[in-house]
Asker: 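Here it is: the structure, laid out below.
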Amino acid sequence: MKRINKLPDHLINQIAAGEVVERPASALKEMLENSLDAGADRISVDLAQGGIKLIRVSDNGGGIAAEDLPLALDRHATSKIANLDDLESVATLGFRGEGLASIASVSRLTLISRPHDAEHAHQIVAIDGTLHPVEPAAHAPGTSVEIVDLYFNTPARRKFLKSDNTEYAHCEATFERIALAHPHVEFILRHNGKVVWRLPQQSLAERVGALLGKDFVEASLPLDSHAAGLTLTGFVASPTFSKASRDAQYFYVNGRFVRDKIAQHALRQAYRDVLHHDRHPAYALFFTLNPANVDVNVHPTKIEVRFRESQGIHQFLFHSVHKALATSAGANPAVALDDEQSPDNATAANVGRQPDATSTATGHSSDTASPVPAGDSPPRMPFQQQRYEQQSIPLHVAREAIAVYDKQFSGLRDEERASPAPFVTTPGSPLPAPLSAASLAALPDASDGIPPLGFALAQLHGVYILSQCEDGLIVVDMHAAHERIVYERLKNALEADVIPMQPLLLPVSFAADRFEVATAHEHGMEMQRLGIELAPLSPTQIAVRGVPVWLQDGNPVELARAVLKDVRDYGLSQVLTERRNELLASMACHGAVRANRQLTLTEMNALLRDMEATERSGQCNHGRPTWTRLSMRELDNLFMRGR
């Protein structure tokens with residue numbers, strides 16, 4: 001029988017470090033919160049190698065007395081709370097007193113501090129959790145904490161750290177979250193000796209604009225709501241500024257950045273009627289309430305909170321944001337989609353409005369003096385620019401002869417044909433089997449040489465292809481069909497361990513965030529297996545040098561962002577194994593032909609032939625049907641022919 005042993009303090013601190021200090025960004029967060037709790041209005045951060053080699057935070061706060069320096073590195077020693085009542089109404093960012101102790105147990109830490117009323121500064125050094133004697137030092141009023149070689153004594157934890165670029169991206173995100181909530185504090189961030197951020201003391205609007213961009217501020221609505229001791233201030237972006245991810249969502253409770261399910265649900269509900277379900281709102285909101293009504297001691301990293309009156313909080317947040325959004329309703333109802341918009345949304349947005357019943361043949365209203373009513377979008381003009389912007393799509397050359405095509409229109413069916421067609425399929429169901437070019441040429445004479453999906457007649461609203469088959473009309477969703485074709489080609493190519501790449505004659509560069517640049521640095525070579533070549537140009541720019549050959553006419557920036565997002569969220573190994581099909585489906589979606597793309601008859605027929613030669617072509621990658629059929633019998637019934 002094994003006896004119960006008391007763990008040594010050093011091992012306890014290292015265990016706590018595993019919960020509190022997950023990565024360099026976690027240590028930086030603890031240090032910045034300590035500086036803010038000390039009343040600093042000027043904070044300087046220095047990082048080296050993404051924070052793995054060095055993290056130094058200097059401030060001009062109240063400082064620590066020389067005799068208290070050892071206690072600052074002792075577990076559960078703090079000046080912020082003294083009893084249970086203090087814990088239940090915590091008003092500071094830190095309160096447990098284990099952050100610095102945990103960091104000191106897994107790094108080489110130097111703490112230098114000088115109170116404003118002291119003549120000299122003092123320092124204490126901790127290496128592997130062992131404290132050295134307090135010594136005099138030179139330092140301006142305030143405190144500096146320096147961490148060197150994080151996890152140097154726990155190699156098992158250190159090997160789980162990512163690359164320098166990835167760890168720095170997390171550190172920068174932590175810095176921005178904290179700086180956003182404290183505009184009255186001057187912040188400086190340096191990485192490898194280079195100044196990255198220099199934020200002076202400024203107003204909240206200026207700080208939001210500096211960190212989140214002027215486009216966010218211009219597309220946002222200011223919010224200032226008060227009720228029953230609750231305050232919600234900040235900015236909510238209009239629905240036109242929606243995003244494909246939650247990266248632009250900043251929510252603070254009493255100055256602390258949190259991710260709370262109650263708040264997220266309330267804000268999502270406020271946007272429900274004005275935002276597509278696949279999009280995410282953007283906001284920077286600061287929620288203030290009595291500290292006694294919120295419990296911040298429910299998560300080791302304090303990223304989660306628990307409200308004592310969660311239902312009331314939910315209603316307050318919902319109504320505050322809903323009211324702010326309602327004030328702008330009708331000003332610009334047309335959702336301006338950013339370049340991450342999904343093709344299905346683009347399909348719905350690009351279909352032109354029907355002209356008014358009183359419109360003339362030219363498409364203009366008969367009352368030319370009447371302005372367009374507020375909240376109504378002007379009618380879309382017929383497709384004009386596509387005529388000179390048209391480019392070919394990567395489809396096989398149409399394989400039917402002109403003579404056969406002409407024969408189709410010269411009396412294909414006899415009146416009231418009653419015999420069933422040899423290629424009868426149910427609407428939306430997949431074709432019986434993929435048909436190759438050879439099998440198409442060997443079709444029996446009874447079918448008059450007409451393939452199962454027939455020959456294209458026209459394009460409807462830039463979205464659907466109308467095709468005349470042997471016994472009726474085929475309607476094809478051209479985007480969904482092309483998406484399935486490209487998806488199957490990508491799958492087959494990746495199974496052969498290589499997706500052919502098409503180098504771009506002129507590389508396309510785009511503005512990228514820190515996580516995208518870090519991912520491109522870390523996985524750039526491996527991502528070439530997916531047929532895409534990325535080259536980081538700077539900390540904020542990435543160049544696309546090559547794309548899969550079947551996606552060469554798609555948007556390379558959209559494709560690159562989609563691949564980088566999946567690799568960043570799940571890791572490259574998981575993307576290439578468990579999530580392979582999801583990633584390829586996303587790539588195919590970005591490379592498929594878009595709505596309102598004018599196709600020639602040759603291109604439309606080529607798409608139909610490729611559908612016949614592709615497995616599972618009856619459904620797109622998302623499970624929706626790609627085509628449906630109306631037989632002559634069904635069409636005759638619509639017009640009561642033969643009755």
Side-chain angles (χ1 to χ4, degrees), residues 8-10 12-14 16-17 20-21 24 27-49 51-82 92-153 171 175 185-193 195:
D9 289 342
H10 179 53
I12 293 174
N13 287 338
Q14 289 185 329
V20 179
V21 190
L28 176 61
K29 174 179 176 290
E30 296 289 336
M31 297 159 65
L32 288 173
E33 288 180 349
N34 285 337
S35 295
L36 293 169
D37 287 339
D41 60 10
R42 188 172 65 253
I43 300 176
S44 175
V45 179
D46 290 273
L47 304 174
Q49 297 180 16
I52 300 174
K53 183 66 177 177
L54 168 70
I55 304 176
R56 183 190 302 116
V57 176
S58 303
D59 63 62
N60 63 344
I64 305 173
E67 56 272 17
D68 289 342
L69 288 176
L71 285 175
L73 302 181
D74 195 8
R75 195 163 58 94
H76 301 316
T78 180
S79 62
K80 300 168 186 177
I81 62 172
T92 55
L93 298 175
F95 54 87
R96 296 192 186 120
E98 62 179 1
L100 285 180
S102 300
I103 296 171
S105 66
V106 291
S107 67
R108 299 181 176 93
L109 185 146
T110 301
L111 173 60
I112 309 174
S113 187
R114 174 186 170 186
H116 287 259
D117 57 356
E119 297 182 357
H120 305 287
H122 291 79
Q123 74 173 18
I124 186 171
V125 177
I127 300 178
D128 195 15
T130 303
L131 301 184
H132 290 225
V134 177
E135 300 175 344
H139 196 278
T143 304
S144 290
V145 183
E146 182 178 284
I147 299 173
V148 179
D149 294 333
L150 189 64
Y151 289 126
F152 80 98
N153 56 350
C171 287
F175 174 87
V185 179
E186 177 186 344
F187 286 92
I188 299 176
L189 173 64
R190 303 182 187 89
H191 184 225
N192 294 333
V195 175

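Residues: numbered from 1 along the sequence shown.
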Asker: Side chains of Val134 and Pro70: closer than 4.5 Å at any heavy-atom pair?
Answerer: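 Heavy-atom side-chain distance check passes, below 4.5 Å.
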Asker: What distance do Leu32 atom CG and Ile43 atom CD1 have between them, rounded to the nearest 0.5 Å?
Answerer: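 Separation between the atoms: 6.0 Å.
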Asker: Without swapping roles, check the side chain of Asp46 against the backbone of Arg190 for a donor-acceptor pair under 3.5 Å.
Answerer: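 No, the answer is negative, given that no donor and acceptor are paired below the 3.5 Å cut-off.
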Asker: Going by heavy atoms in the side chains, are Lys53 and Asp149 under 4.5 Å from each other?
Answerer: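 Side-chain contact under 4.5 Å: yes.
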Asker: How long is the span from the CG atom in Leu69 to the CD atom in Glu135, to the nearest 0.5 Å?
Answerer: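 One gets 11.5 Å once the value is rounded to the nearest 0.5 Å.
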Asker: Can you check whether Glu30 reaches Val21 side chain to side chain, under 4.5 Å on heavy atoms?
Answerer: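 No, every pair of side-chain atoms sits at 4.5 Å or beyond.
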Asker: Minimum heavy-atom separation for Asp37 and Leu93, please, with both atom names.
Answerer: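 Taking Asp37 first and Leu93 second, the nearest heavy atoms are OD1-N, 3.0 Å.
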Asker: Could you pull out the closest heavy-atom pair between Thr143 and Gly63, with the gap in Å?
Answerer: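 Residues Thr143 and Gly63, closest heavy atoms: OG1-CA, 3.5 Å.
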Asker: If you look at every heavy atom in Val106 and Asn153, which pair is closest and at what distance?
Answerer: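 Scanning both residues completely, I find the closest heavy atoms to be CA-OD1, 3.4 Å.
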Asker: Test your reading of the model: is there a side-chain donor-acceptor pair from His122 to the backbone of Glu67, 3.5 Å cut-off?
Answerer: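 It does not hold such a pair.
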Asker: Any chance you could measure Leu109, atom CG, to Ser102, atom OG, to the nearest 0.5 Å?
Answerer: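 Rounded to the nearest 0.5 Å, the CG-OG separation comes out at 11.5 Å.
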Asker: For the atom pair CD (Gln123) and OG1 (Thr110), what is the distance rounded to the nearest 0.5 Å?
Answerer: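 Result: 6.0 Å between the selected atoms.
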Asker: Taking all atoms of both residues into account, what is the closest heavy-atom pair of Ile112 and Ala121, and its distance?
Answerer: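 Where Ile112 meets Ala121 most closely, the heavy atoms are CG2-CB, 4.4 Å.
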Asker: Looking at every heavy atom in both His120 and Arg114, which two are closest together, and how far apart are they?
Answerer: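 Minimum heavy-atom separation between His120 and Arg114: O-CG, 3.6 Å.
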Asker: Distance check, rounded to the nearest 0.5 Å: Leu28 atom CG versus Leu150 atom CG?
Answerer: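 Rounded to the nearest 0.5 Å, the CG-CG separation comes to 11.0 Å.
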Asker: Would Leu71 and Ile64 count as a side-chain contact (heavy atoms from CB on, under 4.5 Å) if you check the C-alpha gap in whole Å, the side-chain angles of each, and the deciding distance to 0.1 Å?
Answerer: CA-CA 10 Å; Leu71 285 175; Ile64 305 173; over 6 Å; no
Asker: Is it the case that the side chain of Asn60 and the backbone of Ala140 share a donor-acceptor pair, with hydrogens and angles ignored and the cut-off at 3.5 Å?
Answerer: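 Side chain of Asn60 to backbone of Ala140, a donor-acceptor pair under 3.5 Å: no, none is there.
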Asker: Is the backbone N or O of Gln49 less than 3.5 Å from a side-chain atom of Asn192, with the two atoms forming a donor-acceptor pair by type?
Answerer: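 Present.
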Asker: Would you call Asp59-Arg42 a salt bridge at under 4.0 Å N-O?
Answerer: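 Salt bridge between Asp59 and Arg42, a charged N being under 4.0 Å from a carboxylate O: no.
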Asker: Where is the tightest heavy-atom contact between Arg56 and Leu54, given as atom of each residue plus distance?
Answerer: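 Residues Arg56 and Leu54, closest heavy atoms: NH2-CD2, 3.8 Å.
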Asker: When rounded to the nearest 0.5 angstrom, what is the spacing between CE in Met31 and CD1 in Ile147?
Answerer: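 Output value for this atom pair is 4.0 Å.
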